[in-house]
2 protein chains.
Amino acid sequence: MTVATQRVADHLRTAILGGIIGPGERVRQEDVAQQFGASRLPVREALQMLAAEGLVEHEPNKGARVPRLSMHEIDVMYRMREQLEPLALAESLPVLDAGDLRRIDQIQEEIERGVDVETFLTLDREFHLRTYSACRIDQLTTTVTRLWNATQYYRRAFMHLTGPSRRWVVNAEHRLLIDAVERRDEVDAGRFLAGHIRRTRIELRRHPEVFGG
Amino acid sequence: MTVATQRVADHLRTAILGGIIGPGERVRQEDVAQQFGASRLPVREALQMLAAEGLVEHEPNKGARVPRLSMHEIDVMYRMREQLEPLALAESLPVLDAGDLRRIDQIQEEIERGVDVETFLTLDREFHLRTYSACRIDQLTTTVTRLWNATQYYRRAFMHLTGPSRRWVVNAEHRLLIDAVERRDEVDAGRFLAGHIRRTRIELRRHPEVFGG
DNA sequence: GTCCGATCTATTGGATCCAATAGGAGGTGA
DNA sequence: TCACCTCCTATTGGATCCAATAGATCGGAC
């Protein structure tokens with residue numbers, strides 16, 4: 001697999017996260033293969049990887065398609081994040097170095113400058129994942145990343161729908177989180193983080209239209 | 001992929017969970033392929049699936065091997081279980097039917113009959129996973145199952161080491177859990193469950209020799 | 001004697017080809 | 001006109017073959 005498979009998987013993942021391939025859409029092996037000038041084999045293996053990540057569903061002899069998720073599924077995934085991300089943060093927090101902290105602060109400054117939805121999504125993701133970056137437990141970081149990926153589409157839809165009116169809440173939460181992180185206070189940090197995720201989950205529940213189509 | 005890949009993956013998974021292929025051991029594609037009278041292709045795809053589950057590690061051009069996990073990694077995975085399994089139970093609990101409850105009770109009765117280590121491992125696993133069986137959130141059940149699988153080898157080593165002396169604690173915990181489940185009390189059930197997992201984690205930490213070789 | 005390099009072999013990665021399955025189009029019967 | 005059956009095509013699954021990489025072994029030079 002390795003290099004070719006990885007390239008294809010990265011490309012498809014980016015396309016799905018970017019909303020270029022949306023829920024319900026099918027992914028044909030041949031199309032992707034031609035697009036890469038490669039054979040179908042690495043594409044098949046890449047699709048398997050994505051299936052394992054929950055980014056596509058694979059039905060035998062029918063191919064892969066991006067799954068449509070219900071509000072309840074997203075809700076539970078957010079609750080999983082509430083449970084797991086404080087753990088990842090606690091693992092990471094003691095070993096985050098000065099460069100990480102500086103970068104985290106930079107990202108937040110840029111968010112506060114008032115960016116558009118797509119940029120916000122990218123920065124917000126980088127912000128949080130960066131706080132976990134020193135966590136060396138593979139199963140944990142992998143699971144957390146998968147949860148981010150699988151919910152990305154609906155987070156985008158939600159953001160486009162609600163606009164930046166509540167952005168100040170995010171900023172306040174991020175600032176509290178950063179402060180706790182810099183103090184290496186994992187209890188505080190975990191609490192702010194869980195609250196941050198929970199609030200987002202609750203707000204998402206108020207917009208069932210995100211899951212309508 | 002489908003049928004052949006699935007068969008190979010199931011077989012390899014069973015072999016790894018059963019301890020037939022242990023940590024550090026390499027898995028050669030050709031060997032497995034011959035063993036199945038199939039080509040290497042489904043084996044490759046099966047190995048990818050297992051890699052996604054964390055049951056093997058895959059290094060480019062070097063092949064797959066079962067990873068050796070440190071005590072700290074196992075400890076964190078147990079903490080992940082403490083966080084996630086109460087969630088899975090809460091999802092499952094309201095919709096568990098009478099047949100499930102009966103089966104859960106049967107399993108516990110058999111455990112109490114005093115079985116050997118291998119049987120205990122199998123029954124204990126079936127016991128817990130059965131309580132989650134009505135949870136329909138794929139990401140959650142998948143993640144929980146993966147955590148069980150990835151830690152199985154060390155659970156076995158621990159059990160063989162300590163013998164059945166503390167089996168009565170497990171039985172008491174299981175009984176309390178069953179009672180809460182039958183009352184559909186998700187708070188109680190979640191608490192007993194988290195405690196059950198936590199106690200096992202703590203006891204595991206007392207036996208670093210499990211991770212020595 | 002030891003260290004470095006080259007070749008050789010075992011094993012994996014990727015491409016092409018063939019088989020099998022699913023879904024649809026078209027035709028035929030009632 | 002509608003239902004059902006058959007055939008056809010598009011697409012995926014699997015096998016075989018070839019290329020590339022890593023590790024080992026052997027040889028040579030210092």
Side-chain angles (χ1 to χ4, degrees), chain A residues 1-16 20-69 138 142 150 213, chain B residues 1-16 20-69 138 142 150 213:
Chain A
M1 56 146 157
T2 200
V3 54
T5 300
Q6 205 63 43
R7 276 176 53 84
V8 175
D10 288 347
H11 179 264
L12 285 176
R13 196 182 292 111
T14 305
I16 295 172
I20 297 167
I21 311 176
E25 268 184 69
R26 188 162 165 202
V27 181
R28 255 176 285 272
Q29 298 177 359
E30 189 67 43
D31 297 351
V32 183
Q34 283 192 342
Q35 193 174 342
F36 270 81
S39 86
R40 272 174 37 220
L41 209 148
V43 178
R44 278 164 67 174
E45 300 194 339
L47 284 173
Q48 290 222 151
M49 292 185 61
L50 297 187
E53 297 175 25
L55 280 183
V56 303
E57 285 175 334
H58 203 98
E59 270 191 283
N61 289 316
K62 292 185 63 180
R65 67 177 60 237
V66 179
R68 249 183 252 282
L69 299 179
D138 206 68
T142 302
Chain B
M1 60 147 155
T2 201
V3 53
T5 300
Q6 206 62 44
R7 276 176 53 85
V8 175
D10 288 347
H11 179 264
L12 284 177
R13 195 181 293 110
T14 305
I16 295 172
I20 297 166
I21 311 177
E25 269 184 70
R26 186 160 167 203
V27 181
R28 255 175 284 272
Q29 298 177 359
E30 189 65 45
D31 297 351
V32 183
Q34 283 193 341
Q35 192 174 343
F36 271 81
S39 86
R40 270 174 39 220
L41 208 147
V43 178
R44 278 164 66 174
E45 301 195 337
L47 284 174
Q48 290 222 151
M49 292 185 62
L50 298 187
E53 297 175 26
L55 279 182
V56 303
E57 284 175 333
H58 203 98
E59 269 191 283
N61 289 315
K62 291 185 62 178
R65 66 178 59 237
V66 179
R68 249 183 253 281
L69 299 180
D138 206 67
T142 302

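Chain naming here is simple, since letters A, B, ... match the order of the sequence lines and numbering starts at 1 in each. Values reported hereafter were calculated over all heavy atoms of this structure, with side chains retained and with hydrogens, waters and symmetry mates removed.
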Asker: Gln29(A) side chain N/O closer than 4.0 Å to the phosphate oxygens (OP1, OP2) of dA10(D)?
Answerer: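 False: Gln29(A) side-chain N/O out of range (4.0 Å or more) of dA10(D) OP1/OP2.
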Asker: Less than 3.5 Å apart, any donor N or O on the side chain of Arg44(B) or Gln29(B) sitting next to an acceptor on the other?
Answerer: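 Side-chain D/A pair, Arg44(B) to Gln29(B): absent.
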Asker: Can you tell me whether the side chain of Arg44(B) and the base of dG14(C) have a donor-acceptor pair closer than 3.5 Å?
Answerer: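 Counting by modelled atom types and ignoring angles, a donor-acceptor contact under 3.5 Å is found here.
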Asker: Residues two or more places apart in sequence or in another chain: which of them pass salt bridge (Lys or Arg N to Asp or Glu O under 4.0 Å) with Asp31(B)?
Answerer: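 Salt bridge (Lys or Arg N to Asp or Glu O under 4.0 Å) list for Asp31(B), sorted by chain: Arg28(B).
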Asker: Side chain of His58(B), heavy atoms from C-beta onward: which of dG13(C), dA15(D), dT11(C) has the nearest atom to it?
Answerer: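 Of the options given, the side chain of His58(B) lies nearest dG13(C).
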Asker: Specify the separation, in whole Å, of atom CD of Glu30(A) and atom C1' of dA10(D).
Answerer: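 The answer, rounded to whole Å, is 11 Å.
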Asker: Which whole-number value in Å describes the distance from Arg7(B) CZ to dG14(D) P?
Answerer: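 In whole Å, dG14(D) P lies 11 Å from Arg7(B) CZ.
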Asker: Consider the side chain of Leu41(A), meaning its heavy atoms from C-beta on, and name the nucleotide among dT11(C), dA15(C), dT16(D) that approaches it most closely.
Answerer: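 Per side-chain heavy atoms of Leu41(A), the pick is dA15(C).
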Asker: Say you draw a straight line from CD of Glu59(A) to CZ of Arg65(A); how long is it, rounded to the nearest 0.5 Å?
Answerer: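 Glu59(A) CD to Arg65(A) CZ: 8.0 Å, rounded to 0.5 Å.
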Asker: Per the atom types in the model, does the base of dG13(D) pair as donor or acceptor with the side chain of Arg40(A) at under 3.5 Å?
Answerer: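 Side chain to base: pair found, below 3.5 Å.
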Asker: Over all strands shown, is Val27(A) touching base, sugar-phosphate only, or nothing at heavy-atom distances under 4.0 angstrom?
Answerer: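 Touches sugar-phosphate only.
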Asker: Where the side chain of Arg28(A) is defined as all heavy atoms beyond and including C-beta, which of dA15(C), dT11(C), dT11(D) is the nearest nucleotide?
Answerer: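 Comparing dA15(C), dT11(C), dT11(D) against the side chain of Arg28(A), the answer is dT11(D).
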Asker: Can you measure from CD (Glu45(B)) to CD (Gln48(A)) and round to the nearest 0.5 angstrom?
Answerer: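 Rounded to the nearest 0.5 Å, the CD-CD separation comes out at 4.5 Å.
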Asker: Measure the distance from CG on Leu47(B) to C1' on dT12(C) and round it to the nearest whole Å.
Answerer: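 From Leu47(B) CG to dT12(C) C1': 11 Å.
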Asker: Measure the CD-CD1 distance between Glu25(B) and Ile16(B) for me, rounded to the nearest 0.5 Å.
Answerer: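 Nearest 0.5 Å value for the CD-CD1 distance: 9.5 Å.
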Asker: Taking side chain to side chain donor-acceptor pair (under 3.5 Å) as the test, write out the residues that go with Asp10(B), two or more places apart.
Answerer: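 Result, side chain to side chain donor-acceptor pair (under 3.5 Å) vs Asp10(B): Arg13(B).
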Asker: Which atom pairs link the protein and nucleotides 22-24 of chain D when you take only N or O atoms and keep those under 3.5 Å?
Answerer:
{"unit_1": "dG23(D)", "atom_1": "OP1", "unit_2": "Lys62(B)", "atom_2": "NZ", "d": "3.3"}

Asker: For the pair made of CD in Gln48(B) and P in dT12(C), what is the distance, rounded to whole Å?
Answerer: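 Taking atom P of dT12(C) as the reference, CD of Gln48(B) is at 13 Å.
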Asker: Which pair of heavy atoms, one from Gly54(B) and one from Pro67(B), lies closest together, and at what distance?
Answerer: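 Scanning both residues completely, I find the closest heavy atoms to be O-CG, 3.9 Å.
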Asker: Roughly, in whole Å, what's the span from CD in Glu59(A) to P in dT21(C)?
Answerer: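 About 16 Å, once rounded to whole Å.
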